[in-house]
There are 2 protein chains.
Amino acid sequence: MVKKTGRPGYLQIADELREQIRSGSIAPGEPLPSTAQLAETFGASLSVVKMSVGLLRNEGLVVGQQGKGVFVREDAPPADDIRAELTALRAAVADLTRRLEQLEESASQRIATS
Amino acid sequence: MVKKTGRPGYLQIADELREQIRSGSIAPGEPLPSTAQLAETFGASLSVVKMSVGLLRNEGLVVGQQGKGVFVREDAPPADDIRAELTALRAAVADLTRRLEQLEESASQRIATS
DNA sequence: GTTGCCAACATAGTTAACCTAGTTGGCTTG
DNA sequence: CAAGCCAACTAGGTTAACTATGTTGGCAAC
């Protein structure tokens, strides 16, 4: 399935999967074929398929569930004021990080003194 | 250098490099340390470093030149780049989630055995 | 001095092996 | 029948080995 066009195989497979998702050929909420199945249908090794799926995962197009499969995200793009939302999220993450670090600190102390 | 926080090493290294680029510690147009050097400074294998650099390459933060090195993109200041910001935030949330789950796990064990 | 070769180093891609861990379904045992 | 174990499948992470290819600097030969 992968052609020797100079474009690396793991990108070709990622492209193809992206296209199948975009076209609805694999609908939101539905699972991709398993890694082994993809490897067979694309005539590629397990390694390159895992790289391809990892790309889509990194892009947020799909989410993986260990033991079950890799599923197409159901999400819809909110598209209101994205920048404001980003600012709010940044603040929230910073706050959570600070609080979590405090928790971890006290937890490690409790373990050390027990 | 990579910590055992549950967050995979190749993401930790990618985060760190992203931060060094964002902060200007590695300026646009400058090369990243070589794969071998990164592997040594992070105490990781060549493979995970290659995965990390591959991520940044995929995100468009850096461009690789075979035989020379991997260079920080001159254009596209990632501070305004919503995609990069989203990626970073997603990464941060995932990291926080894992750490929190770890804390909750140890907390429930402590309660159960007390 | 210049040319050309060559070794060392660089990114990039592919494959394979091994490990962890979650899910599921069937079978065995009580 | 019900409980629990176990085998087979799943994703995910790590490492190593090999190949291809590009760059650079030094050295030898002419």
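Proteins come first, then strands; the chains are lettered A, B, ... in the order of their sequence lines, and each starts at number 1.
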Report task. Give the C-alpha distance, both sets of side-chain angles, the deciding distance and a yes or no for side chain to side chain contact (heavy atoms under 4.5 Å, CB included) between Leu38(B) and Val53(B). Result -> CA-CA 10 Å; Leu38(B) 287 175; Val53(B) 175; 4.2 Å; yes

Query raised in the report: Given Phe71(B) and Gln65(B), is the side chain to side chain contact (heavy atoms under 4.5 Å, CB included) satisfied, shown in steps?
Result: CA-CA 8 Å; Phe71(B) 300 84; Gln65(B) 290 187 38; 4.1 Å; yes

Report task. Could you check how far CG of Leu55(B) sits from P of dG12(D), rounded to whole Å? Result -> 14 Å

**Report entry** N or O in side chain of Ser47(B) less than 4.0 angstrom from dA16(D) OP1/OP2
**Finding:** no

Report task. Give a yes or no on whether Val70(A) and Leu61(A) share a hydrophobic cluster (residues Ile, Leu, Val, Met, Phe, Trp, Tyr; joining criterion: side-chain heavy atoms under 4.5 Å apart). Result -> yes

**Report entry** Closest nucleotide among dT14(D), dG12(D), dA20(D) to the Gln66(B) side chain
**Finding:** dA20(D)

Query raised in the report: Given Asn58(A) and Leu55(B), is the side chain to side chain contact (heavy atoms under 4.5 Å, CB included) satisfied, shown in steps?
Result: CA-CA 8 Å; Asn58(A) 187 256; Leu55(B) 273 186; 3.7 Å; yes

Query - Other residues, nucleotides, ligands: >12 heavy atoms within 6.0 Å of Glu40(A) CD - result: no

Report task. Verify the contact: side-chain N or O of Ser45(B) to OP1 or OP2 of dT14(D), cut-off strictly under 4.0 Å; return yes or no. Result -> no

Report summary line: Gln65(B) CD to dG22(D) C1', in whole Å, measures 10 Å

Query raised in the report: Nearest-Å distance, CG (Asn58(A)) to C1' (dA11(D))?
Result: 16 Å

Requested in this report: On DNA chain C, check which nucleotide each of Lys68(A) and Leu32(B) is closest to and give me the residue with the more 5' one.
Outcome: Leu32(B)

Query raised in the report: Do Ile26(B) and Leu56(B) belong to the same hydrophobic cluster, where Ile, Leu, Val, Met, Phe, Trp and Tyr are linked whenever their side-chain heavy atoms lie under 4.5 Å apart, directly or via other members?
Result: yes

**Report entry** Proximity to the side chain of Arg57(A) - top-ranked nucleotide from dA17(D), dA11(D), dG13(D)
**Finding:** dG13(D)

**Report entry** Nearest-angstrom distance from the residue atom CE of Met51(B) to P of dT15(D)
**Finding:** 10 Å

**Report entry** Sequence-distant partners of Glu16(A), salt bridge (Lys or Arg N to Asp or Glu O under 4.0 Å), two or more places apart
**Finding:** none

Query - Divergence of helical axes at both termini of the helix from dG1(C)-dC30(D) to dG30(C)-dC1(D) - five pairs an end, 10° steps - result: 30°

Report summary line: Its 5'-most and 3'-most nucleotides having an atom under 4.0 Å from a non-hydrogen atom of chain B, DNA chain C is contacted over dA10(C) to dG13(C)

Query raised in the report: OP1, OP2 of dG13(D) versus side-chain N and O of Tyr10(B): anything below 4.0 Å?
Result: yes

Report task. Show the numbers, then the answer: is there a side chain to side chain contact (heavy atoms under 4.5 Å, CB included) between Leu32(A) and Gln20(A)? Result -> CA-CA 10 Å; Leu32(A) 268 55; Gln20(A) 289 188 17; over 6 Å; no

Query raised in the report: Which part of the nucleic acid, if any, lies within contact of Gly54(A), taking any heavy atom under 4.0 Å across all strands shown: a base, the sugar-phosphate backbone alone, or nothing?
Result: nothing

Query raised in the report: Met51(B), Leu11(B): one ILVMFWY side-chain cluster at the under-4.5 Å cut-off?
Result: yes

